[in-house]
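Structure first, commentary second.
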2 protein chains.
Amino acid sequence: MKLTELKAIKLAELFSALSDASRIRLISLLMDGELSVRALADGLGMTESAVSHQLRGLRQMHLVRARKSGRQVFYSIDDDHVSRLFTLGLDHVQHG
Amino acid sequence: MKLTELKAIKLAELFSALSDASRIRLISLLMDGELSVRALADGLGMTESAVSHQLRGLRQMHLVRARKSGRQVFYSIDDDHVSRLFTLGLDHVQHG
DNA sequence: GTAATATATGAATAATTGCTCATATATTCA
DNA sequence: TGAATATATGAGCAATTATTCATATATTAC
C-alpha cells in the first residue's frame, strides 16, 4: 500500500497540524463545544495572538471551523474525523 | 476535556511521529507486512541511514517494532492503533 | 465621526528537525 | 582471524516552526 508522494505529503500535513501541544490543547478544549478566541486563550494561558496564529493552521487543515458572531469568532471541531483521530491518539498514548 | 500539559505533549509527540512524508511512506509500506531496512530504503529511494534514523523515532513512539533475524532487522507496524490512525487520517485527507 | 474591543497578520527570533556524511556495531562467511 | 554485509548512530547543516511584538482590520458603543 505504497502511497504516492503527494498523498503522503497531504497525510503528513494533517498529522503535522496535530503535532504541537498547544494545538492539541486547543482541540481538547473544543471537544466540549465551540469557544471564542479569547476563551481559548484564557483557558490555556496563551496570548490571543498565539492562539489566533495556531487556529489559522487548524482552519486551513479543516480541523476546526470558525463562526463569526458580532466581533467575536467562535471555533469548533470541524468534523467527526478530527474528534476520532484525537480520541484514538489519546487512547494510544494512555494505554499502548 | 482540557488535557494536562503532559498528556498534550505526549499526544503531540505521537502525531509528530506521523508528521513527516517520509515516515508516512515508511508506514504505508509496512501496512502490507514486515520489511527489512534495505527493502524500505529501496522501496522509497532513501538511503539506509535516513531510513534507520526515521525508524528509530517510530520505534521510540511504539509505532513500529523491530525483529532481528541474522544481520537483518525487519520492521512492522507495532499495534492496531497505528494502522487505525493511519487509515483514519487517510480517510480525512481523501474525502473530508 | 472617535474610542474601545475582538481577532488577524507580518516580521523577526529561537528552537526543532530531516538529511548527509563519516563512523561504529553486529552478524555471516571464507 | 579478516572481509563483507546490514543496520545504527553522532555531528553538522539547511529548512521549518512557534512564539512575541507591533500593527491592521472589523465590529460595537458613544
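Reminder, nothing fancy here: chain letters follow the sequence lines and each chain counts from 1.
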Any [X] side-chain N or O less than 4.0 Å from OP1/OP2 of [N]:
X       : N      : value
B/Ser49 : C/dT20 : no
B/Arg56 : D/dT9  : yes
A/Tyr75 : C/dA6  : no
A/Lys68 : C/dA6  : no
B/Thr47 : C/dT20 : yes

Between [X] ([atom1]) and [N] ([atom2]), how many Å, whole number?
X       : N      : atom1 : atom2 : answer
A/Phe15 : D/dT17 : CZ    : C1'   : 20 Å
A/Leu40 : C/dA6  : CG    : C1'   : 13 Å
B/Glu13 : D/dT17 : CD    : C1'   : 16 Å
B/Glu48 : C/dC21 : CD    : P     : 14 Å
A/Arg67 : C/dT7  : CZ    : C1'   : 15 Å
A/His53 : C/dT7  : NE2   : C1'   : 11 Å
B/Leu18 : C/dT17 : CG    : P     : 14 Å
B/Asp42 : D/dT7  : CG    : C1'   : 14 Å

### Query
Aromatic rings B/Phe15 and A/Phe15: how do their planes relate, parallel, tilted or perpendicular, breaks at 30° and 60°?
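Taking A/Phe15 first and then B/Phe15, their aromatic rings lie parallel (interplane angle under 30°).
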Classify the nucleic acid contact of [X] as base, sugar-phosphate or nothing, counting any heavy atom under 4.0 Å across all strands shown.
X       : result
B/Ser22 : sugar-phosphate
B/Ser36 : sugar-phosphate
A/Gln72 : sugar-phosphate

[X] side chain, from C-beta outward: closest of [options]:
X       : options               : result
A/Gln54 : D/dT9, C/dG18, D/dA18 : D/dA18
B/Arg38 : D/dT7, C/dT7, D/dG10  : D/dT7
A/Arg71 : D/dG10, D/dT7, D/dT27 : D/dT27
A/Val73 : C/dT7, C/dT20, D/dT19 : C/dT7

### Task
Between A/Gly70 and A/Asp20, name the one whose nearest nucleotide on DNA chain D is closer to the 5' end.
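Its nucleotide being nearer the 5' end, the pick is A/Asp20.
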### Message
Given 3.5 Å as the limit, does a donor-acceptor pair link the side chain of A/Lys2 with the main chain of B/Arg25, or not?
### Response
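Checking the backbone N and O of B/Arg25 against the side chain of A/Lys2, no donor-acceptor pair under 3.5 Å is found.
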### Query
When you measure from the side chain of A/Thr87 to the backbone N and O of A/Ser83, does any donor-acceptor pair fall under 3.5 Å?
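Judged by distance alone, yes, a pair lies under 3.5 Å.
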### Smallest separation among heavy atoms of A/Ala12 and B/Ala21, with atom names
CB-N, 3.5 Å
### Query
Is it the case that B/Arg59 and B/Tyr75 place a side-chain donor and acceptor less than 3.5 Å from each other?
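Indeed, the side chains of B/Arg59 and B/Tyr75 share at least one donor-acceptor pair under 3.5 Å.
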### Query
With no hydrogens and no angle check, do the side chains of B/Asp91 and A/His81 hold a donor and an acceptor under 3.5 Å apart?
yes
